[in-house]
Amino acid sequence: MAEEIIEAPMVGKIIEVMVKAGDSVSEGDVVCTLESMKMENPLVSPVDGTVKDIKVAAGDTVQAGDEIAVIE
Amino acid sequence: MIETGFVEFFSNYQYPVMVVIGLVLIYLGISKKMEPLLLVPIGLGVILVNLPWPGEGLMAYKLGDTILPYVDYVEAGFPEAAEPHGLMSRIFHYGLTWEIIPPLIFLGLGAMTDFGPVIANPKTLLLGAGAQFGVYFAMIIAFALGAAGLLDFQLGEAASIGIIGGADGPTTIFVTNRLAPQILGATAVAAYSYMALVPIIQPPIIRLLTTKKQRQIYMKPQLRKVSNREKIVFPLMGTIVIILLVPASAPLIGSFMLGNLLMVSGVTDRLAKTAGGEFMNILTILLGVAVGAQMSGFIFLKPDTLGIFALGLVAFMASTAFGVVLAQLMNLVSKHKINPMIGAAGVSAVPMASRVVQTMGQRENPRNFLLMHAMGPNIAGVIGTAVAAGVFISMIG
């Protein structure tokens, strides 16, 4: 089954993680909130599927390109 | 017996009206969180200078043995022999008239700016330049209204009003101080107000000039990685090329690039932290109260002030529109389509304009993450407005 990796689009801090491994998500569902430049930006799932892995937790700082979640 | 200020205060409508305006600015800052770091000190500056003596004395000047209230100093045409005599006039004189605070604020801005998005995607520099058309557009209208005798604007006033379209406070102050100091309070407050109103003013213009499909254009979030060497070379080359092109932009561009070099050099972290941190905060306080203290009711409450606010809004709206239109034109010739909304970030209100684009972009297409793409034109806009300032000062000053 194809995997989709959600990456951090820019440096920032994870404020909240809305899903956990095993949850099913639909395209457009918010996976987590990334704070960058004093803005809270929702990161959404690009596909329908199941969350295979979540690689961040609330409070983590991420760099652009860091893996956030794997959806399959 | 102590003489109070009540009788004088209520015998001239200018005093209470301006105190109310000061209170409104503070209300907007505190309750609506609109540019609070600026509107709160500006608001208090307005109140201080519109309480009759000793309040008015805060902006007084001294010519020989005569103490000139600020309005008399302005009406006398800013006599050079006059010396600042009050707390506010001293801050204003040595900080703004001497052109020290705006360039130092640019130093702090430089120390907080990441040129990465511009270096990774240099064509966004064009969008930042394109948005400056609004500055010239509003300047021409202001000059035409002045020439037609409808408002009392000469070329200096017209240029100072046009630069409001760049949505950059320190640059607006820098230009107005040089070309039309008598309208400094109005242009500065207009510039900061419109920066605070970016999320309200820009979206309808963007929607008007784009289709839903265009607003949904997806841009890959990942810009190419920019090396440290590139980040160091950019401010150095930027300083040399821009100042050779427009020498009068040197105080702003030189400070901006120095601040950035402190940040990216990797060996001057302490200096960069100071420039972009507490030093910047101190300057912001001084700038805010000094600008507010410019707004004596006797100078501010005139029909021309309304004209400045109206034309400033035209400048800002036109800059937004030109940015979007230029992005559309680039899409006609470019293979890689850009989301035309990022053109609106070509005004230099950093990072407010980028945030507007990001918010609208995600609403139209939840997968889109336009923040970094919008930062390119946004930062280029800061440079573009400083260059426009240099052009005006060279041609008119």
Side-chain angles (χ1 to χ4, degrees), chain A residues 1-20 23-72, chain B residues 33-37 109 112-121 195-196 198-199 216 218-228 231 263-264 276 339 342 345 349-376 378-379 382:
Chain A
M1 204 172 174
E3 283 184 354
E4 278 282 339
I5 295 171
I6 302 176
E7 293 180 346
M10 62 189 295
V11 64
K13 189 173 166 187
I14 302 293
I15 299 294
E16 193 182 356
V17 180
M18 280 78 167
V19 296
K20 56 183 189 305
D23 285 359
S24 27
V25 287
S26 306
E27 182 182 343
D29 280 357
V30 179
V31 171
C32 67
T33 311
L34 173 73
E35 187 192 81
S36 289
M37 292 169 55
K38 295 180 190 163
M39 262 183 96
E40 290 187 10
N41 308 288
L43 298 185
V44 299
S45 170
V47 290
D48 294 338
T50 308
V51 180
K52 186 180 172 195
D53 194 7
I54 279 279
K55 308 208 169 186
V56 293
D60 286 358
T61 300
V62 291
Q63 300 296 322
D66 283 359
E67 289 188 7
I68 302 280
V70 182
I71 314 283
E72 69 172 11
Chain B
K33 301 213 166 30
M34 287 165 63
E35 293 287 310
L37 301 184
L109 286 176
M112 297 194 296
T113 299
D114 177 9
F115 281 127
V118 179
I119 302 170
N121 193 4
M195 278 160 67
V198 162
Q216 290 174 331
Y218 178 72
M219 292 178 80
K220 276 190 180 168
Q222 192 77 333
L223 295 167
R224 80 167 172 84
K225 199 161 171 51
V226 175
S227 73
N228 263 0
K231 286 189 174 177
M263 182 179 77
V264 297
N339 189 310
I342 68 169
V350 177
M352 292 83 94
S354 294
R355 285 190 205 146
V356 166
V357 174
Q358 161 72 4
T359 308
M360 286 184 77
Q362 278 214 320
R363 202 174 296 141
E364 299 284 355
N365 177 357
R367 280 185 65 206
N368 239 342
F369 206 93
L370 299 174
L371 196 53
M372 286 314 277
H373 297 289
M375 280 306 285
N378 214 181
I379 293 159
V382 176

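Quick caveat: nothing in here was measured; it's all calculated off a predicted structure. Reminder, nothing fancy here: chain letters follow the sequence lines and each chain counts from 1.
- Considering only residues two or more places apart in sequence or on other chains, B:F369 meets the ring-ring contact (aromatic ring centres under 6.0 Å, His included) condition with none of them.
- Tested against B:P366, the residues A:L43, A:D29, A:V30, A:V44 include a single side chain to side chain contact (heavy atoms under 4.5 Å, CB included) partner, A:V44.
- Rounding to the nearest 0.5 angstrom, the gap separating the CD atom in A:Q63 from the NZ atom in B:K225 is 8.0 Å.
- Scanning all heavy atoms of the two residues, the minimum distance from B:M372 to A:P9 falls at CG-O, 4.5 Å.
- Applying side-chain hydrogen bond (donor to acceptor under 3.5 Å, both in side chains) to A:N41 and the options B:Q358, B:R355, B:Q362 leaves one that passes, B:Q358.
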